[in-house]
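Okay, so here's the structure we're looking at.
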Amino acid sequence: MATESKKLKFQVVTYNVAELAKPDGADLTPILALEDKPDVISIGLEESGDFDFIPDEEHKQDPWCKKFDSLLWGRGYYVVALTSVFQIKLRVYIKKEHMRAVSHVEATTSKSGFVGGVSNIFKGAATIRFRLYGKHVAFINCHLTAFDARILDRNTEYWQFFADQEFADPQCEELYQHDYVIWSGDLNYRVAFDNLETRKMVADGRHLELVQYDQLKTQQKEGLAFVGFEEGEITFPPSYKFDMGTDIFDSSKKQRVPSWCDRVLFRTKGDREIAANTVNWDPTLKNLSDSDSESEEISKKSDLVSPKPANKSKKSGTLFKKKVMRKKDHCLRSEEMRRKTLGVLRMMHLTSSAKADAQAKIELKFGDFNDSEQFQLTFLQELLTKIDNESKKVTPSIEVISYKSYPEIKISDHKPVAALLNVVMPSSQGIRQLEMEPQHATWFKKKSMKIHIKHLGISGKISPASCGHWVGLYKKGWVNKSTYFTSAYVQKKNKPKGGYDLKAKFGTRAHPGEGDAIEAVYFMSKDASEPAAVIQVKCGYFV
């Protein structure tokens, strides 16, 4: 019997906001595609705010993040996770109706190497991954090295980020193992065509003819980067680079070529074999020796350092030699990283059909824990990682509904780009079987309140209090999980009734003092990382 499936809509946005740009009164609602009612919204920002060394604090202060939270307030979404590295931000929102189907949330980041000049010092990637209806989903937002000629550096950063990321989920520890990988960001690949002719063709509405000169498309065809990733059809004009706050392409001295730097790509688990067959297995660099002439030749070919000057002093020649050798070392490390990653790609399609025993893998990880940790892991294993094998029969697939830029938003020197995707998910797999109900129909002021809770399908006695399970109370319409106004730990009921054997008790001081409804959210972690269910609680003024 085939497993029933459904399609969820993912709105994936990338926007380079050019450091000093502020949203202020700008209408950013269009890029959220709220009229299409997306189930998941991913917001990736580049050059946003100050350089971020304290991710949580930076997100709270960042005006762009605050702007998107305010736009989604009261619309039924909450922040699954947020993360950042330097000025690269990533926030993923999801409808609260899917809350019980989200688990194993993780966030991680990767930083680009410090070799190659200032332009890639603060480049990197921010990743958020989780299980959704039993499927493994990863969102990545990145900012790659700039400049037309630095294709090798951009490719290298892609391979680095791809190989760098590891996760704690025993069923999906590597990026390539995910059912869905959605990659957005300012990838900085340019249009390799004459600048004046490019501008003329864009002005004449002939920008589609320029796609053939797009560096990213070329690298994909040659199997050198973003192997196996797909993209919606590019029908919109280049999203970069404009004079700040205008529709005028770069009129500065640099006169940058209009390009599609801002992209949204995706890959499904079913594309893994395609990736393995498409990738260019031949190394980019072969048999590098220590000779200066060969190192210089590499540098010339890569266009990453200036040509050797004809007339130079002994001192300048020594400096140039050191620069070339550093570049050669960088290329060697890049090639080593690429070969390592290609080895992973070779293995992944060979093992894609083999069914690993996920349960056994989990048990192996339970090795040396004390009783409390053992209990917590066992509980979470039984509740969260019990995914019916039928869910695996739902083949991952993505359909592009729309892929466009938003030229009407004139804040930055980039235009925001977004893809609306139809993503296939099992209808009812991986859902937490959890129910809650308030003690009374209305929680009146100066009265205490209990939330009754029961878990379905969990064998034996459980004690979530020992695992740090708790319930937070929120103002209706909340978006950020950290904004609860009070909380209480989950405890066992002395007299279970109707299967409700757990409770969370709130005292009289916890009452919000308002007559409107609030929302009670059950958390299965000691922090606010993983909400499991939500219900509404009606409040009243009178005793």
(request) Without swapping roles, check the side chain of Arg154 against the backbone of Phe147 for a donor-acceptor pair under 3.5 Å. (result) yes
(message) Taking the ring of His143 and the ring of Phe86, is the distance between their centroids below 6.0 Å?
(response) no
(request) Determine yes or no for a side-chain-to-main-chain donor-acceptor pair under 3.5 angstrom, with Arg432 supplying the side chain and Met99 the backbone. (result) yes
(message) Is there a side-chain contact between Leu265 and Leu187 in this structure, where contact means two heavy atoms from C-beta onward sitting under 4.5 Å apart?
(response) yes
(message) If the threshold is 4.0 Å, N to carboxylate O, is there a salt bridge linking Arg150 and Asp153?
(response) yes
(request) Please test Tyr93 against Asp69 for side chain to side chain donor-acceptor pair (under 3.5 Å), starting from the C-alpha separation and ending with a verdict. (result) CA-CA 9 Å; Tyr93 302 84; Asp69 277 1; 2.6 Å; yes
(request) Decide if the gap between the ring center of Tyr403 and the ring center of Phe236 is smaller than 6.0 angstrom. (result) yes
(message) Using only atom types and a distance under 3.5 Å, with no angle test, would you say the side chain of Arg206 pairs donor to acceptor with the backbone of Lys200?
(response) no
(message) Quick check on Glu233: does its CD atom have over 12 non-hydrogen neighbours (other residues, nucleotides or ligands) under 6.0 Å away?
(response) no
(message) Does any part of the side chain of Ile409, heavy atoms only, come nearer than 4.5 Å to the side chain of Ile411, both counted from C-beta?
(response) yes
(message) Nearest 0.5 angstrom please: Ser259 OG to His414 NE2, how far?
(response) 10.0 Å
(request) Please check if the distance between the ring centroids of Phe242 and Phe249 is under 6.0 Å. (result) yes
(request) For the pair Lys415 and Asp247, find out whether any cationic side-chain nitrogen is under 4.0 Å from an anionic carboxylate oxygen. (result) yes
(request) Please name all residues satisfying salt bridge (charged side-chain N to carboxylate O under 4.0 Å, His left out) with Arg199, sequence neighbours left out, ordered by chain then number. (result) none
(request) Quick one: pull up OG1 in Thr156 and CZ in Phe161 and give me the separation to the nearest 0.5 Å. (result) 10.5 Å
(message) Using only atom types and a distance under 3.5 Å, with no angle test, would you say the side chain of Glu106 pairs donor to acceptor with the backbone of Ala168?
(response) yes
(message) Rounded to the nearest 0.5 Å, what separates atom CD in Gln429 from atom CD1 in Ile431?
(response) 8.0 Å
(request) Report yes or no: does Asn141 contribute a side-chain atom to a donor-acceptor pair with the main-chain N or O of Lys89 at less than 3.5 Å? (result) yes
(message) Looking at Asp250 and Arg256, is any side-chain nitrogen of the basic one under 4.0 Å from a carboxylate oxygen of the acidic one?
(response) yes
(request) Taking His136 for its side chain and Leu175 for its backbone only, find out whether a donor-acceptor pair lies under 3.5 Å. (result) no
(message) Quick check on side-chain contact (heavy atoms from CB on, under 4.5 Å): which of Gln219, Gln220, Lys217 does Tyr189 satisfy it with?
(response) Gln219
(message) Can you see whether Gln165 engages Thr108 through a side-chain donor-acceptor pair at a distance of less than 3.5 angstrom?
(response) no
(request) Using the six-membered ring wherever Trp is involved, compare the ring planes of Phe162 and Trp183 and label them parallel, tilted or perpendicular (cut-offs 30° and 60°). (result) parallel
(message) Does the structure place the NZ or CZ of Lys135 under 6.0 Å from the centre of the six-membered ring of Tyr180, at an angle of no more than 45° from the ring's axis?
(response) no
Without placing hydrogens or testing angles, list every side-chain donor-acceptor pair under 3.5 Å for residues 7-18, not counting sequence neighbours.
| residue | atom | partner | partner atom | Å |
| --- | --- | --- | --- | --- |
| Lys7 | NZ | Glu399 | OE1 | 3.3 |
| Lys9 | NZ | Asp36 | O | 3.1 |
| Gln11 | NE2 | Ile31 | O | 2.8 |
| Thr14 | OG1 | Glu46 | OE1 | 3.4 |
| Thr14 | OG1 | Glu46 | OE2 | 3.0 |
| Thr14 | OG1 | Gly185 | N | 3.4 |
| Asn16 | OD1 | Ala18 | N | 3.0 |
| Asn16 | ND2 | Glu47 | OE2 | 3.3 |
| Asn16 | ND2 | Asp186 | OD2 | 2.9 |

(request) Say whether, by atom type as modelled, one donor and one acceptor occur between the side chain of Glu157 and the main chain of Gly124 under 3.5 angstrom. (result) no
(message) Once salt bridge (charged side-chain N to carboxylate O under 4.0 Å, His left out) is applied, do any residues pair with Lys6, and if so which ones, sequence neighbours excluded?
(response) none
(message) Could you measure the distance from the CG atom of Leu216 to the CZ atom of Arg190? Nearest 0.5 Å is fine.
(response) 12.5 Å
(request) With rounding to the nearest 0.5 Å, note down the distance linking CG in Asp194 to CE in Met201. (result) 10.5 Å
(message) Under the side-chain contact (heavy atoms from CB on, under 4.5 Å) test against Ser42, which residue among Leu90, Ile140, Leu421, Val80 passes?
(response) Leu90
(request) Check whether any side-chain N or O of Gln215 sits under 3.5 Å from a backbone N or O of Asp148 as a donor-acceptor pair, and report yes or no. (result) yes
(message) Minimum heavy-atom separation for Asp39 and Glu97, please, with both atom names.
(response) OD1-OE2, 4.5 Å
(message) With rounding to the nearest 0.5 angstrom, report the OG to CZ distance, Ser397 to Phe266.
(response) 10.0 Å
(request) May I ask you to test the Val211-Trp260 pair for a side-chain heavy-atom distance under 4.5 Å? (result) yes
(message) With a 4.0 Å cut-off on N to O distance, would you call Glu231 and Arg263 a salt bridge?
(response) yes
(request) Answer whether the closest heavy-atom distance between the side chains of Leu82 and Cys65 falls below 4.5 Å. (result) no
